[in-house]
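One structure below.
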Amino acid sequence: MDWYSIVKFLHVTSAILWVGGGFALFLLGVLAERDGNIEDKLQAIRASGQLGGRFFAPMSMLTLIFGLIMCGFWVGFSDLWIIIGLAGYATTFSIGMLIFKPTGERMGAMIANEGITPAVLAIGQRMMSAARFDYAVMLVIVADMVLKPTMHDIGILAGMALVMAAGAILAFGGSRRLVPSAA
């Protein structure tokens with residue numbers, strides 16, 4: 001076994017824990033939303049907030065570090081798939097740090113002070129919307145790492161763009177309501 005294989009194993013393992021763990025919590029939130037179970041949805045959002053800094057951020061950083069080590073020593077930084085991967089990582093890390101972390105903290109404080117209010121539910125809904133886009137980005141990153149497209153792989157690149165567009169539409173193009181409207 002060589003060092004590249006060890007670093008690649010660590011890169012993939014940390015990526016699985018980061019993306020897979022977050023996706024499981026996101027899926028729990030989506031299922032609770034579809035069932036109309038507000039308490040379960042809030043629990044999934046709370047768990048995401050609790051694990052964000054303690055688990056997801058460290059796993060995402062390890063994924064990046066091991067990927068950078070592979071690029072620095074063996075692969076290089078000029079291939080399109082590396083650039084797409086780094087841009088995707090920057091996007092999803094920014095979403096986590098600039099949206100999920102502060103939103104989760106604000107929701108936690110609001111729930112502690114006021115309980116579950118319509119304002120808290122609205123914030124939770126916006127957080128779930130951002131998560132839809134975040135997982136579209138992550139899907140593109142995973143496809144990118146596996147397929148390693150070049151500028152000549154128009155179909156793959158178009159598919160990635162379609163996934164990003166679909167994620168943006170699902171996230172920001174008319175959100176579903178968490179709180180039933182008063183009719």
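For reference, positions follow the sequence shown, starting with 1. Keep in mind that this is a model prediction, so the values were computed, not measured.
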Side-chain heavy-atom pair Lys41, Arg34 within 4.5 angstrom cut-off: no

In one Ile/Leu/Val/Met/Phe/Trp/Tyr side-chain cluster, 4.5 Å: Leu147, Met138: yes

Out of curiosity, Glu33 CD to Asp40 CG, how far, rounded to the nearest 0.5 Å? 12.5 Å

State the CG-CG distance between Leu27 and Leu31, to the nearest 0.5 angstrom. 4.5 Å

Could you report the tightest heavy-atom contact between Pro58 and Gly52, atom names first, then the distance? CD-O, 4.2 Å

Starting from Met97, can I reach Val137 by hopping between I/L/V/M/F/W/Y residues whose side chains sit under 4.5 Å apart? yes

Is there a path of hydrophobic side-chain contacts, each under 4.5 Å between heavy atoms of I, L, V, M, F, W or Y residues, that connects Val146 with Leu86? yes

Does one hydrophobic cluster hold both Ile65 and Ile82, with members joined at side-chain heavy-atom distances below 4.5 Å? yes

Verdict with reasoning, Ile123 to Met127, per side-chain contact (heavy atoms from CB on, under 4.5 Å): CA-CA 6 Å; Ile123 291 169; Met127 195 168 170; 5.6 Å; no

Can you give me every donor-acceptor pair (side chain of residues 2-9, partner residue at least two apart or in another chain, under 3.5 Å) with its distance?
| from | atom 1 | to | atom 2 | distance (Å) |
| --- | --- | --- | --- | --- |
| Asp2 | OD1 | Ser5 | N | 3.0 |
| Asp2 | OD1 | Ser5 | OG | 2.6 |

Donor-acceptor pair, side chain of His11 and main chain of Thr63, under 3.5 angstrom: yes

Would you please name every residue forming a side-chain hydrogen bond (donor to acceptor under 3.5 Å, both in side chains) with Ser48, sequence neighbours left out? none

Using side-chain contact (heavy atoms from CB on, under 4.5 Å) as the criterion, list what pairs up with Ala119, not counting sequence neighbours. Met110, Thr117

Name all pairs fulfilling the salt bridge (Lys or Arg N to Asp or Glu O under 4.0 Å) condition that reach into residues 147-160, sequence neighbours left out, sorted by first residue then second. none

Minimum heavy-atom distance Asp144-Pro149, with the two atoms named: OD1-CD, 3.4 Å

All ring-ring contact (aromatic ring centres under 6.0 Å, His included) counterparts of Tyr89, not counting sequence neighbours: Trp18, Phe93

Does Phe55 have any side-chain contact (heavy atoms from CB on, under 4.5 Å) partners at least two apart in sequence or in another chain, and if so, which? Leu17, Leu51, Met59

Does any pair with a residue in residues 123-149 pass ring pair (Phe, Tyr, Trp, His ring centres under 6.0 Å), and if so which ones, sequence neighbours excluded? Phe23-Tyr135, Phe26-Tyr135, Phe133-Phe172

Could you state the interatomic distance from CD1 (Ile45) to CG (Leu121), rounded to the nearest 0.5 Å? 8.5 Å

Do you know which two heavy atoms are closest between Leu157 and Thr150, and how far apart they sit? CD1-O, 3.5 Å

Residues clustering with Ile16 (ILVMFWY side chains joined when closer than 4.5 Å, directly or via others): Val12

Between the main-chain N or O of Gly88 and the side-chain N or O of Thr92, is there a donor-acceptor pair closer than 3.5 Å? no

Nearest heavy-atom neighbours spanning Glu39 and Ile116: OE1-CD1, 3.4 Å

Interatomic distance, Gln50 atom CD to Leu25 atom CG [nearest 0.5 angstrom]: 10.0 Å

Go through the structure and list residues passing side-chain contact (heavy atoms from CB on, under 4.5 Å) with Val163, not counting sequence neighbours. Ala136, Leu139, Val140

Smallest separation among heavy atoms of Ser60 and Ala57, with atom names: OG-O, 2.9 Å

side-chain contact (heavy atoms from CB on, under 4.5 Å) between Leu62 and Leu10, intermediate numbers included: CA-CA 8 Å; Leu62 286 173; Leu10 294 171; over 6 Å; no

Give the cluster check for Ile83 versus Phe77: same hydrophobic cluster or not, with ILVMFWY residues linked at side-chain heavy-atom distances below 4.5 Å. no

With ILVMFWY side chains joined below 4.5 Å, transitively, what does Ile154's cluster contain besides itself? none

Give, for atom CD1 of Ile141 and atom CH2 of Trp81, the distance between the pair rounded to the nearest 0.5 Å. 13.0 Å

Inter- and intrachain pairs under side-chain hydrogen bond (donor to acceptor under 3.5 Å, both in side chains), touching residues 97-111, at least two apart: Lys101-Glu105

side-chain contact (heavy atoms from CB on, under 4.5 Å) involving Ala130 - partner list, sequence neighbours excluded: Ile99, Phe100

Quick one: closest heavy-atom pair of Met128 and Gly29, and the distance? CE-C, 3.6 Å

